[in-house]
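Quantities reported herein were computed from a predicted structural model and do not represent experimental measurements.
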Amino acid sequence: MTLRSRFRISRLILGLLLLAGLAAAAWWALRPITVPVYRVQEGTLVQAVVASGQVLPAARVQIGSELTGVVNAREAEAGAIVGQGTVLASLVDHEWQARVREAEAALRRLNDADWPQAREAVTEAQSRLAQIQRETQRRRELVAARAESREALERAEHDQVSAASALAQARLRLAALAPDGPERALLAARLGIAQTNLARTRIRSTVAGRVLEDRVEVGDLVQPGQVLFIVAAAGRREVESHVDERYLDVLREGQPARVVADAFPGQPFDATLERLAPRVDPERGAVKLTFSLPDPVPDFLRDEMTVTVSIETGRATDSLWLPRDAIQFLAADRGRVAVLTNGRVDAREVELGLAGDHAVVVSSGVVAGDMVLLNPDQPAGARARAQVLDAPAPANTLDEDRNAVPMRF
């Protein structure tokens, strides 16, 4: 083989290798890429706000003293079960015992001495007036017969007026001391006040329940308005929770909720959002929620128990939905997705509905079963093949609908 022939063969081989390289590069550039996709799902979606909370009694009663005094004894501590009227603490009561004895003595004196003396005084005044009236009449007859001077009659008439006045005063005194008289009523009121204040030295629970807090020790000086005990009233309980104020637009009184106690995760129970606080806590940026519980409440609940609350804020039945990370949001109700159709990427705008942190209802723009790219920014027209990802499992903690997808905030 000549040198020229060898040169031609080398050039041919080099050309073939170059063409093979160009073909491989073209194939590599035009090959379909593998992209992760979600299939558009159909089902019932539930939007929920999830928050931590505490079980609390429906009524937490603050109990204090109605008097200023020194604590003589503490009869109950935190955790104690008390009935309505149970003595929680007592104050030093020497002064009020003395006032009761004084008022009782005054009433006994009225009954045993003042009242009999007043009746006797009326009797004596009546007798004296009658005597003076007879004497005045006799003198009037003597004056008419010119047997006595006019001055003696005038003295008798003056004595009669004085006797009548004394009788009137005696009768007033007797009326004041009578069972329905003002003086007896005043003494009875004084006794009643002293007895009431003596009773107030016993600080009693106004409700039946459990003592949550005791804030007093023997020897403390207490005053009216000072909280000494907090008692959780027996009976109805509620759940109190706080959520970020940004969820206020979806929260409404009356919404159903599902409660799970951290200590009893396998025993969820229903609740209802009963009250939304009228103000936002400026320090926490949170709003307080209060939930009413079923009656009777689960017997495993304890005051101050920690629970997790899922509040149903929206529900979409038989709707199409996608995971949130497959959607490029253009507005609250509009978005863009990349759909894989016949091996190529197709960009579409979609209308959106109920939304949570993980799933969003798609009301138009796709159909059930469409393969939507996880990356919505993939260029339209690009060739691709699907790697199908699992969508969120259809499980719901709000009710027994196991085909509903929770869209929790």
Side-chain angles (χ1 to χ4, degrees), residues 29-51 243-244 246-252 255-258 260 268 308-409:
L30 297 176
R31 82 191 191 290
I33 61 174
T34 301
V35 292
V37 300
Y38 291 117
R39 289 192 183 276
V40 177
Q41 304 287 319
E42 184 175 8
T44 297
L45 286 89
V46 175
Q47 183 187 63
V49 174
V50 180
V243 300
D244 194 285
R246 65 192 174 101
Y247 300 131
L248 278 172
D249 63 329
V250 297
L251 292 170
R252 303 288 184 273
Q255 288 172 332
R258 195 75 165 161
V260 178
T308 300
V309 187
S310 297
I311 312 148
E312 182 179 321
T313 56
R315 179 180 287 263
T317 304
D318 299 330
S319 299
L320 302 179
W321 62 273
L322 279 170
R324 191 182 186 96
D325 51 6
I327 301 171
Q328 178 184 1
F329 285 84
L330 304 177
D333 59 351
R334 289 188 305 109
R336 180 181 292 113
V337 297
V339 181
L340 186 60
T341 305
N342 297 324
R344 292 191 178 274
V345 177
D346 178 21
R348 299 182 192 176
E349 285 199 8
V350 291
E351 292 185 7
L352 306 176
L354 206 63
D357 275 354
H358 303 296
V360 181
V361 170
V362 182
S363 54
S364 70
V366 293
V367 297
D370 275 352
M371 292 185 292
V372 177
L373 276 65
L374 177 60
N375 178 12
D377 294 329
Q378 197 66 238
R383 296 181 62 197
R385 61 177 174 226
Q387 177 190 356
V388 180
L389 303 177
D390 291 332
N396 178 28
T397 59
L398 291 175
D399 55 23
E400 298 304 320
D401 183 0
R402 303 306 298 177
N403 292 319
V405 178
M407 301 165 56
R408 298 184 177 182
F409 283 108

Check: Atom CZ in Arg385, atom CZ in Arg344: separation rounded to 0.5 Å?
Finding: 14.0 Å
Next item on the list: Report the distance from atom CD of Glu312 to atom CD of Gln47, rounding to the nearest 0.5 Å.
Entry: 9.5 Å
Next item on the list: For the residue pair Ile311 and Tyr247, establish whether any side-chain heavy-atom pair is separated by less than 4.5 Å.
Entry: no
Item checked: Smallest separation among heavy atoms of Val366 and Leu320, with atom names -> O-CD1, 3.4 Å
Notebook entry, point to check: Measuring from Leu340:CG to Asn342:CG, what's the distance to the nearest 0.5 Å?
Noted result: 8.5 Å
Check: Quick one: CZ on Arg252 to OG1 on Thr313, what's the gap to the nearest 0.5 Å?
Finding: 9.5 Å
Note to self: I'd like to know if the side chain of Gln378 reaches the main chain of Asn375, judged simply by a donor and an acceptor atom lying under 3.5 Å from each other, with no hydrogens or angles considered.
What the structure shows: no
Note to self: So does Gly369 get a backbone contact from the side chain of Arg39, meaning a donor-acceptor N/O pair under 3.5 Å?
What the structure shows: yes
Notebook entry, point to check: Do the side chains of Leu373 and Val339 get nearer than 4.5 Å, heavy atoms only?
Noted result: no
Checklist line | Closest non-hydrogen atom pair, Val309 against Ala257 | finding: CG1-CB, 3.9 Å
Check: So, do Trp321 and Leu354 sit near enough that their side-chain heavy atoms are less than 4.5 Å apart?
Finding: no
Check: Considering all heavy atoms of both residues, which atom of Val367 and which atom of Val40 are nearest to each other, and what is their separation?
Finding: O-CB, 3.3 Å
Notebook entry, point to check: Looking only at heavy atoms, which two atoms of Ala338 and Val345 are closest? And how far apart?
Noted result: CB-CG1, 3.8 Å
Checklist line | Minimum side-chain heavy-atom gap Arg348-Thr341 below 4.5 Å | finding: yes
Note to self: Minimum heavy-atom separation for Pro268 and Val260, please, with both atom names.
What the structure shows: CB-CG2, 3.7 Å
Note to self: Quick one, Leu389 with Val37, criterion side chain to side chain contact (heavy atoms under 4.5 Å, CB included). Give me CA distance, side-chain angles, the key distance, then yes/no.
What the structure shows: CA-CA 6 Å; Leu389 303 177; Val37 300; over 6 Å; no
Checklist line | Any Val360 side-chain heavy atom under 4.5 Å of Leu322 side chain | finding: no
Notebook entry, point to check: Quick check: does any side chain N or O of Ser310 sit under 3.5 Å from a backbone N or O of Ala48, one acting as donor and the other as acceptor?
Noted result: no
Note to self: If I take atom CG from residue Leu374 and atom CD1 from residue Ile327, how far apart are they, to the nearest 0.5 angstrom?
What the structure shows: 11.5 Å
Next item on the list: Specify the closest pair of heavy atoms between Arg336 and Glu349, including all atoms of both residues, with the distance to one decimal.
Entry: NH2-OE2, 4.0 Å
